[in-house]
Amino acid sequence: MAQKKAKIITFGISKGGCSKTTSAGITAHLLSQEAKVLAVDMDGQGNLTQFLTGVDEICDVFEEKTILEAIKEQNITKYIVPVTENLHIVPSNDYLALLPRYVYTKATDENKNLILANTLAPVIDQYDYIIIDTPPALSEHTINAISASDYAVIMNDGSKFCYAAIYKFLEICAAALENGNPNLKVAGILFSIVDSRTVDTKAMIQLVDSEFEGYRFDTVIQRRAATKRLAVYGFEKNSELKKGIGEYINFVEELKERVQ
Ligand SMILES: Nc1ncnc2c1ncn2[C@@H]1O[C@H](COP(=O)(O)OP(=O)(O)OP(=O)(O)O)[C@@H](O)[C@H]1O
Ligand SMILES: [Mg+2]
């Protein structure tokens, strides 16, 4: 059997709009500067696919060429799309909404949560990192993602609703640990789209530090127009790239240490 190589990292939280996709995409981009990275889009919104490939018409361009078909074949190999030499992606589109139906009609009881893990297995020794983006729900998509992962990064936008969602995300991590993925660890909680100077953010950081001691990444990703505009301008020929991804350089260094 091939030696396992890739560290598999899921970005998740059930609260919507907390920078899961933006953080997963920038992390995949930065890691790929010195490592082989496969990004896997497990959200039918296809935002990671759009972000990294620049393709907006994901239903047309990636028709029947997505993670859903890969899962049905239990082999991701044919569905890998190169973005750069070191960064590859397996796209998704709206049809990923059909995943639960597939899981409950076709998958056996033992592999309901492990169909993504089994799908990734053939390429696991070809990458240094596999980065998985998930939808804002504790759905089969997210459960399969964390069941396939070595680490989870829990996103937090500093809001009360997102704070409450941390407990729920930790619960499904505990369930995944018990039900087939004994390797899963929480890499940490990443604050994003916040203004560290505000009283609210300071209070939320304090609360997270007291409730989840040692979990929070020291790097706090600020709300920045240049980061938001990355979705428009991308990573190539973007004059404000440095501003847009600046803080993520420190985050990725922290992440690399935590997933050693
Ligand atoms: N640091 C940031 N500063 C400013 N805007 C940001 C930042 N990070 C993300 N955004 C923007 O916030 C919005 C939500 O981000 P994103 O789509 O990454 O969140 P998400 O958690 O993946 O959302 P969903 O739950 O819908 O999947 C997007 O418009 C994105 O461009
Ligand atoms: Mg998203």
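In this view, K78 and E73 satisfy the salt bridge (charged side-chain N to carboxylate O under 4.0 Å, His left out) rule, not counting sequence neighbours.
Remark: D128 engages K5 in a salt bridge, criterion side-chain N to carboxylate O under 4.0 Å.
With rounding to the nearest 0.5 angstrom, the CD1 atom of I8 is 3.5 Å from the CD1 atom of I124. Rounding to the nearest 0.5 Å gives a distance of 14.5 Å between SG of C173 and NZ of K168. Expressed to the nearest 0.5 Å, how far OG of S32 lies from CG of L87 amounts to 4.5 Å. Taking CD1 from I115 and OG1 from T108, the interatomic distance works out to 9.5 Å, rounded to the nearest 0.5 Å. Of the inter-residue distances, the one linking R223 atom CZ with D157 atom CG reads 8.5 Å to the nearest 0.5 angstrom. Put simply, CD on E253 and CZ on R258 are 13.0 Å apart, with the number rounded to the nearest 0.5 Å.
Taking Ile, Leu, Val, Met, Phe, Trp and Tyr as hydrophobic and joining them when side-chain heavy atoms fall under 4.5 Å apart, one finds V232 in a cluster with Y233.
In this structure, Y95 places its OH atom where only 12 or fewer heavy-atom neighbours from other residues, nucleotides or ligands lie under 6.0 Å away. Annotation: K185, atom NZ; neighbour count of heavy atoms from other residues, nucleotides and ligands within 6.0 Å is above 12. Under a cut-off of 6.0 angstrom, the local environment of NZ in K256 is crowded, with over 12 non-hydrogen atoms contributed by other residues, nucleotides or ligands. Residue Y215 places its OH atom among 12 or fewer non-hydrogen atoms of other residues, nucleotides or ligands, all under 6.0 Å distant.
Taken together through direct or relayed side-chain contacts under 4.5 Å among Ile, Leu, Val, Met, Phe, Trp and Tyr, I132 and L255 form parts of separate hydrophobic clusters. Both I221 and L48 sit in one connected hydrophobic cluster of ILVMFWY residues. Membership requires side-chain heavy atoms under 4.5 Å apart, directly or through other members. Cluster annotation: L68 and I143 are assigned to distinct hydrophobic clusters (Ile/Leu/Val/Met/Phe/Trp/Tyr, side-chain heavy-atom contacts under 4.5 Å, transitive). Hydrophobic clustering (ILVMFWY, side-chain heavy atoms < 4.5 Å, transitive): F11 and L38 are in distinct clusters.
Between H29 and Y248, the distance from one ring center to the other does not fall under 6.0 angstrom.
Just one of K20, R216, M155 meets the side-chain contact (heavy atoms from CB on, under 4.5 Å) condition when paired with L190; it is M155. Screening T134, T142, I154, V153 for a side-chain contact (heavy atoms from CB on, under 4.5 Å) with I13, the sole residue that qualifies is I154. With respect to R229, the side-chain contact (heavy atoms from CB on, under 4.5 Å) criterion is satisfied by exactly one of R224, K243, E240: E240.
Ring geometry, Y163 versus Y167: the interplanar angle exceeds 60°, so the pair is classed perpendicular (tilted spans 30 to 60°).
Heavy atoms only, all atoms of each residue included: S192 and S19 are closest at OG-OG, 3.1 Å. Contact between S92 and G46 at its shortest, heavy atoms only, is OG-CA, 3.5 Å. Between I131 and A24, the shortest heavy-atom distance links the atoms CG2-O, 3.7 Å. The two residues K15 and S159 come nearest to each other via the heavy atoms CE-OG, 4.2 Å.
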(message) Using the rule given for side-chain contact (heavy atoms from CB on, under 4.5 Å), can you reason through M42 versus L116, listing the C-alpha separation, both sets of side-chain angles and the distance that settles it, and then say yes or no?
(response) CA-CA 9 Å; M42 277 298 280; L116 180 63; 3.9 Å; yes
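Contact of the Y151 side chain with the L184 side chain is not registered, since no non-hydrogen atoms from C-beta on lie closer than 4.5 Å.
Pairs passing the ring-ring contact (aromatic ring centres under 6.0 Å, His included) check and including a residue from residues 32-62, sequence neighbours excluded, read F51-F235.
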